[in-house]
Amino acid sequence: MSRKLSSTSQEGAPIQRSNRLSTFTFLISVAALLSVLATPFTPTFFGPVVPPVAEPPESVIDKQSVLARCAALKAVPGFAQNPSPRDQSDRFEAGTNATWIRNGIIFTGENNGTTVIRGDLFLDKGIVKGIGKVSKRMIDNAPNLTIIDAHGAWITPGLVDLHSHLGILSSPILSGAVDFDSTKGPILPWLRAIDSLNTHDEGYRLAVAGGVTTVQVLPGSSNPIGGQAFMVKLRKTLDGSASSMIVEPPLNLNMAKVDRSKPVPWRHLKQACGENPRRYGNRMDIMWALRSAYSEARNLMQSQDAYCAKAEAGLWGSVSGGFPENQKWELLVDVLRGKVKVSSHCQEAVDLDAMVRLTNEFQFPIASFHHASEGWLVPELLKRTWGGIPTLAILATQHRYKRESFRGSEYASRVLADNGIPVAMKTDHPVLNPRYLAYEAQQAHYFGLPPHLALASITSVPAAAAGLDHRIGILTEGADADVVLWDSHPLQLGATPVKVWIDGIMQIPVPSKTGENNHIEVGKGKESDEWRRVPTVPSWDRERKDAILWDGLPPLDVNKQSRVVFTNVKKIWKKGSDGNIQETLVPGASGGTVLVEKGNIICTGENCVDMTTESNLVDLHGGSISPGLMSYGSQLGLEEIASEHSTGDGELLDAFNVNMPRILNDVGGVVRAVDALMFGTRNALTAYRSGVTLATTALAKPISLSRGHFVSGLSTTFGTGSKHAMERGAIVQDVVALHVVLGRSSPLLPKSVSVSTQIAALRRLLYGWESTDKETGIWFRKAAEGVVPLVIEVDNADIMASLLILKADVEDKIGSRMRMVFSGATEAYLLASEISKADVGVLLNPARPFPTVWDQRRILPGPPLTNDTALVILLEHGVTVGLGVRNAWEARNSGFDIQWAILESNSRISERKAYALVSSDLEKLLGVRNVGEDADLVAYEGGGLFDLSSKVVGIISSRREVVDLF
Ligand SMILES: *[C@@H]1O[C@H](CO)[C@@H](O)[C@H](O)[C@H]1NC(C)=O
Ligand SMILES: *[C@@H]1O[C@H](CO)[C@@H](O)[C@H](O)[C@H]1NC(C)=O
Ligand SMILES: *[C@@H]1O[C@H](CO)[C@@H](O)[C@H](O)[C@H]1NC(C)=O
Ligand SMILES: *[C@@H]1O[C@H](CO)[C@@H](O)[C@H](O)[C@H]1NC(C)=O
């Protein structure tokens, strides 16, 4: 099938004004524009429709141009109207070689992702020229041909992220470029994200390294209508402008020069409802703001239609004035005319209902609902959206961070798909790292989304929702040459692009600018065929049904047992007394039997129990039993909903900003996380069900985007599955480590105390100048003496260097050996050898870095951008490393994080080492005791911790003398 587009103009070339537009009409438009601009801006949103300005006598009305303009109102946007063939992309850059990719498995994105072609792909002139079998003529006709042998690897279209703030909230975030939403009013359809698009966002190359080639740049969701969105490609253009990144730019980017003879591209708009726009009132206010705006637009549309009806009927005598127009409302008129792909950020059923009612009142379609945490609970409601079923752009496991996302579910993608609703996975960059869009699809697939739909959810589905599936998100003749060649099946965890092209131009491997070696090793250890297959995943049918039955909040109770026999167990991994993990095979053909009593393994092997008398049999189907993981770094156990302070511990006092209350009688106000623990939070219970049986939590929050608290007190270790603090084994260690937070001011908040002041304060406290009558004196003394670890939240290498020097000074002065640990530690790899020499530990958090703020800007991204990851460098220098998570909802994904760590290391990190990163080494760094041989064990069905085919079915706890079955 060949794809066609009539537009062949070069990107960035001036748009020619149609010669059918007379100079006179042009002047009228300019006058109209000036008149609009002269209208005083009102922060309320319903300015009057600007009356026609010029009042020309009938004799001077340019009938031709009025009729052309009226005809243009009816033009339907999109590719279907442009039948002429396209043999070159409008984005083609002259001098780009043709590329012949041989011998791949090509996922085309077509037919809901069901079409897969084995064979070749031929890219030329910025488009796909051949797919499957490539003709000899095509090859002979390409003078400069780059030939790539895919060796049977997977090829997909470049990934499409339907929800991103790349470029308008660029990395590292600096206050001078936070341009993603406006505070100037609730209804702002005249704002254009492209006017803010930073062309130097660090995020672009990282997203491309994840195979993402096009994103929808959406204004933020703090306004009911935040502005116009744009579909942009992430490669650097020759032209270097923001405009040249837009795919099919709207014709009226320059309102004075609209070429009505050209095909009409789709326009894009961002709307929001629910919590985010609440700075403009409550939910009722938000919906009224939207209704009044659409009323305004409808009035304008009706006056245009009436005007055109007269003109088209030849009633020129009664046509008075110019064509009714208003720059402020023209976009919403286009929405009502069905020419805009509207993205609506709406979360709860109540919000979705209000928005669906709005579409029916004003009769306009919604292309995509975003986040839509409760969308999966109300599929019939979604189907009532005017104009057809929208796509749901959702996140896989990022839920419960605020009230309206509390009922979000990992099963949502599957439930929506079962209801025939298209699903797009997205990153909402910078909420998630824009590089890991495929990881969202991998998780959706793990939790039940069929593989063809999981791949379509990051390619053809989002492309269709943006009205661009004739050219992106698919691979077919005539489609854009945006292509990813993967190191494994893209739904395998950790799948990494080996090569990426955008518009036929190779982006990955990153072309060398200076001729230096740019070969990066990708996918080592994934040579076997197993990696080319769609991963086998467990069944979640029971959990999914429960989730629906309980309206998104299924009970997370356990079935407690004192005697359980696990059958078909293949392997047991246990912690030795040294904390290291030992693996043993259970004898038996398809695995053996393991008897557990009161949380202890009594015997293993084929003849271990008399099966006929056992009542509690759990078949692990070749699964394994291994030690539970520990989560560190988030507020897990201190809060239920991150953004609702009434559900958490509340504000920690910061000695730099307030005088500690006299009642504390302590200058630093050292507090203990153990006093604030909350048990049974959904994030903790979900982590427990994912094999994360322990958590160490501090009151420390990183300074980067929240307000840091210099002295953030003492952390605690607790069992994630416990009911309350006084239950047996609930609190594993009441006091673990002393935590401080050090860093430069957040770019989004008022300036905080200087780094030099923070280090001076730390020096004073560690030198022992605070009385040990007080908590501050006691605990900093213990930290200086190495009795407790001192965990310092710090990302920047320069600050780390100052801390290493401080550590040496303190140790010299008091003759001690401190146990210092850097947490966050994005740039720690730069000082790997010094950190190792100083015997300082490192907690990498997040495990895979992103340069969110300046202090984190020098990330080591790993393949396909660099051979090494920060983790590999630190381990190779002998540093003890643990991995952390920033957010409580992420704790459940710790098992995935260590699989990523192994895969990104090109097999330089063993499974055993990876295990230690979230268990024994993490415990060692934090000083968590007593979790050696009696650590909780996790029973996995259908595989082990390192297999996507596995699922946690129970926890064996000798500490609590029980087996919890799920
Ligand atoms: C082929 O490549 C050479 C060298 O890079 C370049 O000078 C020439 O313009 C290219 N030809 C075409 C048709 O792109
Ligand atoms: C394009 O082709 C020419 C001639 O085959 C070759 O010299 C050049 O390196 C190629 N350029 C790229 C970017 O692959
Ligand atoms: C894709 O799936 C949707 C929803 O199930 C269905 O309506 C549509 O017909 C399918 N399209 C194709 C081409 O199979
Ligand atoms: C990356 O590692 C590979 C394999 O060890 C090596 O051939 C290549 O030179 C390395 N690349 C760089 C930039 O160091």
Side-chain angles (χ1 to χ4, degrees), residues 1 92-101 107-116 122-126 139-149 209 235-236 238 368 376 379-380 382-383 385 388-392 413-424 449-457 459-465 469-470 473-474 476 481 483 485 487 496 498-527 829 860-869 872-873 876 904-908:
M1 187 182 24
F92 175 63
E93 290 200 352
T96 307
N97 285 7
T99 303
W100 180 19
I101 309 169
F107 167 87
T108 71
E110 294 185 302
N111 302 311
N112 288 334
T114 55
T115 306
V116 172
F122 196 81
L123 315 176
D124 196 13
K125 303 276 185 257
I139 292 154
D140 292 345
N141 285 349
N144 289 345
L145 181 63
T146 307
I147 303 176
I148 307 281
D149 194 334
R235 79 175 163 86
K236 181 129 194 83
L238 267 182
S368 47
W376 64 291
E380 295 310 315
L382 298 173
K383 290 178 190 172
T385 308
I389 306 179
T391 292
L392 263 72
S413 59
R414 169 63 183 271
V415 175
L416 291 165
D418 285 350
N419 281 282
I421 295 170
V423 175
L449 187 64
H452 61 287
L453 295 179
L455 282 183
S457 79
T459 52
S460 47
V461 170
D469 57 333
H470 56 282
I474 53 155
T476 178
V483 182
L485 174 69
D487 70 345
T496 301
V498 178
K499 295 197 160 51
V500 178
W501 292 263
I502 302 182
D503 300 321
I505 305 169
M506 192 183 278
Q507 309 292 312
I508 301 285
V510 178
S512 166
K513 286 195 173 78
T514 58
E516 84 275 27
N517 167 21
N518 68 337
H519 172 71
I520 301 299
E521 183 137 47
V522 179
K524 194 167 166 208
K526 300 185 188 174
E527 292 79 10
Y829 74 93
L860 192 62
L865 295 176
T866 59
N867 271 338
D868 296 319
T869 62
V872 165
I873 299 248
E876 287 184 353
E904 283 192 323
S905 78
N906 280 323
S907 299
R908 288 152 78 187

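When a ligand or atom number is given, it counts from 1 through the structure's own listing order. Along the sequence shown, residues are numbered consecutively beginning with 1. Only a predicted model underlies this, so the values are computations on that prediction, with no experimental measurement involved. The analysis underlying the following values was restricted to heavy atoms, covering all of them including side chains, and did not include hydrogens, waters or symmetry mates.
Counted within 6.0 Å of NZ on Lys383, heavy atoms from surrounding residues, nucleotides or ligands total more than 12; the atom is thus considered enclosed.
Under a 4.0 Å criterion applied to the non-hydrogen atoms of Asn867, ligand 4 contributes the atoms 1 (C), 2 (O), 3 (C), 8 (C), 10 (C), 11 (N), 12 (C), 14 (O). Within the listing of ligand 2, atoms 14 (O) sit less than 4.0 angstrom from a heavy atom of Thr146.
For the pair Thr108 and Ser460, the minimum side-chain heavy-atom distance is 4.5 Å or more.
In this structure, Asn518 contributes its side chain and Val510 its backbone to a donor-acceptor pair below 3.5 Å.
In this structure, the side-chain hydrogen bond (donor to acceptor under 3.5 Å, both in side chains) partners of Thr146, at least two apart in sequence or on a different chain, are Asn97. The side chain to side chain contact (heavy atoms under 4.5 Å, CB included) test applied to Ala98 returns Phe122, Asp124, Ala142, Leu145, not counting sequence neighbours. Looking at residues two or more places apart in sequence or on another chain, you find a side chain to side chain contact (heavy atoms under 4.5 Å, CB included) between Leu238 and Glu93.
Between His519 and ligand 4, at least one pair of N/O atoms sits closer than 3.5 Å.
Minimum interatomic distance between Asp487 and Lys526 (heavy atoms only, all atoms of both residues): OD2-NZ, 2.7 Å.
Heavy atoms of Asn517 found under 4.0 angstrom from ligand 4 belong to the backbone as well as the side chain.
Protein residues lining ligand 3, listed by chain and number: Asn111, Asn112, Gly420 [non-hydrogen atoms, distance under 4.0 Å].
Rounding to the nearest 0.5 angstrom, the gap separating the CD1 atom in Ile505 from the NZ atom in Lys236 is 12.5 Å.
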